[in-house]
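To start, the structure itself, in structure tokens.
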2 protein chains.
Amino acid sequence: MRIGELASRVGVSVRALRYYEEQDLLASVGSPSGQRQYPDSAVDRVQLIQQLYSAGLSSRAIVELLPCVETGDVTPELLDRLSAERGRIDAQVSTLVKTRDRLDAIITTAATARSAGRPCPR
Amino acid sequence: MRIGELASRVGVSVRALRYYEEQDLLASVGSPSGQRQYPDSAVDRVQLIQQLYSAGLSSRAIVELLPCVETGDVTPELLDRLSAERGRIDAQVSTLVKTRDRLDAIITTAATARSAGRPCPR
DNA sequence: CTAAAACCTGACGTTGACGTCAGAGGCAAG
DNA sequence: CTTGCCTCTGACGTCAACGTCAGGTTTTAG
């Protein structure tokens, strides 16, 4: 498939895909005419990249971890990096949950106050 | 307290505090000499700001939500914003958890493979 | 064959949350 | 008083993940 189709399948921009290639996150089969060609497996790969990005990983981190994330093979050094990122994500989750709970408390308080007939503040 | 002390107490840079003021997130008592003066409550406030930033909120979102987050008073309009942000955070948490689980799977697989005596790749 | 649509490279623009630097003023200690 | 540290304003720098535009080539539909 060509870059436009891959982009629309995954829901990402063409520019982003070229950027991923520039960052060595994604390879394309160089067609003779100079147009990029991708296998179907590229869809999964791009989705994985997106997932890691949204988890707060940088391009540099992803490019280091991607091979072993796909193959499952990992050196002890990479295992450290994986654990480190896992820890980061874990910490982020817990602070996010705290924040969510805080917002929840406000929301429910406001809701009960409203249903209790208290006038809407201005 | 002055800006340097507040900064070191919360663990944030002086520049960040001035930036918060610029974004109307934080007020300071204007001393006659032009130096900023903060009450003790500023510590909590800055920590809250940090928490919201780390939850992915922008300055603009924070400045809208901060008053009601602190007072608990909220208009119906703000309630919508709160719920929206809550939803965002919720979604983010679930994708983070997915990613974490994926990393976990790799880590444990690698660990068991190692303990099974399989040679370390590379 | 031709025109539209998709693709290419290269390069500059954008955004948010600060970092950093210059130059000047204020403040407590000795 | 002066030395040294803290603070001020103002302004430019940074960084990542793209957006966008220019100018040209390739593919596809009719």
Side-chain angles (χ1 to χ4, degrees), chain A residues 1-39 42-43 45-66 85 88-89 92 95-96 99, chain B residues 1-39 42-43 45-66 85 88-89 92 95-96 99:
Chain A
M1 68 177 30
R2 292 192 304 176
I3 197 171
E5 189 181 345
L6 178 56
S8 64
R9 275 203 200 172
V10 185
V12 70
S13 74
V14 166
R15 176 69 173 95
L17 294 179
R18 289 201 269 252
Y19 176 74
Y20 297 164
E21 182 167 344
E22 193 181 324
Q23 303 294 311
D24 295 318
L25 300 177
L26 184 63
S28 64
V29 185
S31 95
S33 65
Q35 300 209 350
R36 292 171 179 82
Q37 204 66 219
Y38 299 93
V43 173
R45 177 141 183 148
V46 173
Q47 282 172 344
L48 175 55
I49 293 172
Q50 290 283 97
Q51 184 180 3
L52 294 177
Y53 268 129
S54 70
L57 302 201
S58 65
S59 290
R60 184 159 150 50
I62 296 177
V63 79
E64 288 178 333
L65 300 184
L66 244 187
E85 294 296 348
R88 244 192 11 80
I89 293 174
Q92 175 119 16
T95 73
L96 280 176
T99 306
Chain B
M1 70 178 31
R2 291 192 304 177
I3 198 171
E5 189 180 348
L6 177 56
S8 65
R9 275 204 201 173
V10 186
V12 71
S13 73
V14 167
R15 176 65 173 97
L17 294 180
R18 288 201 269 252
Y19 175 74
Y20 298 163
E21 181 167 344
E22 194 181 323
Q23 303 294 312
D24 296 316
L25 300 178
L26 184 64
S28 63
V29 185
S31 96
S33 65
Q35 301 209 348
R36 293 172 179 84
Q37 204 67 218
Y38 299 94
V43 173
R45 176 142 186 149
V46 174
Q47 282 172 346
L48 175 55
I49 293 174
Q50 290 282 96
Q51 184 180 3
L52 294 178
Y53 268 129
S54 70
L57 301 201
S58 64
S59 290
R60 184 160 148 49
I62 296 178
V63 79
E64 287 179 334
L65 300 184
L66 245 186
E85 294 296 348
R88 245 191 10 78
I89 293 174
Q92 175 118 17
T95 73
L96 280 176
T99 305

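Letters go in sequence order (proteins before strands), and every chain restarts at 1. Computed from a predicted model, the values in this text were never measured in an experiment. Only this structure's heavy atoms are used, side chains among them; waters, hydrogens and symmetry mates stay out.
- A:Glu21 has its CD atom 17 Å from the P atom of D:dA17, to the nearest Å.
- Note on A:Glu5 versus A:Arg2: no salt bridge recorded, every NZ/NE/NH1/NH2 to OD/OE distance being 4.0 Å or above.
- The minimum heavy-atom distance between B:Gln51 and A:Thr95, with the atom names listed, is NE2-O, 4.4 Å.
- Atom CZ in A:Arg18 sits roughly 13 Å away from atom C1' in C:dA11 (whole-Å rounding).
- In the set D:dT7, C:dC12, C:dC8, the nucleotide with an atom closest to the side chain of A:Arg15 is C:dC12.
- Rounded to an integer number of Å, the gap from CG of A:Leu26 to P of D:dA17 is 15 Å.
- A salt bridge is defined here as a Lys NZ or Arg NE, NH1 or NH2 lying under 4.0 Å from an Asp or Glu carboxylate O, and B:Arg18 with B:Glu22 fails to meet this definition.
- Listed pair B:Ser59 / C:dA17 meets the phosphate criterion, a side-chain N or O lying under 4.0 Å from OP1 or OP2.
- Protein atom CG of A:Leu57 is 10 Å distant from nucleotide atom P of D:dA17, rounded to whole Å.
- Listed nucleotides C:dC27, C:dC18, C:dG19 differ in distance to B:Arg2; the shortest reach to its side chain belongs to C:dC27.
- Distance from the side chain of B:Ser33 is smallest for C:dG26 among the nucleotides C:dG26, C:dC8, D:dC8.
- Rounded to whole Å, atom P of D:dC6 lies 16 Å from atom OH of B:Tyr38.
- Atom pair A:Ile49:CD1 and D:dA17:C1' shows a separation of 13 Å (rounding to whole Å applied).
- Closest to the B:Gln35 side chain, of the nucleotides D:dA17, C:dG19, C:dG26, is C:dG26.
- Atom pair A:Arg36:CZ and D:dT25:P shows a separation of 17 Å (rounding to whole Å applied).
- With rounding to whole Å, A:Gln50 atom CD is found 11 Å from D:dA17 atom P.
- Among the nucleotides D:dC18, D:dG19, D:dC8, the one closest to any side-chain atom of A:Ser13 is D:dG19.
- For the pair B:Tyr20 and C:dC18, the criterion of a side-chain N or O lying under 4.0 Å from OP1 or OP2 is met.
- In terms of heavy atoms, A:Ser13 sits closest to A:Ala16 at OG-N, 3.0 Å.
- With B:Arg45 as the fixed residue, the side chain to side chain contact (heavy atoms under 4.5 Å, CB included) test singles out one of B:Leu26, B:Leu6, B:Val10, B:Leu25: B:Leu26.
- Contact between the side-chain N/O atoms of A:Tyr19 and the OP1/OP2 oxygens of D:dA17 is found at a separation under 4.0 Å.
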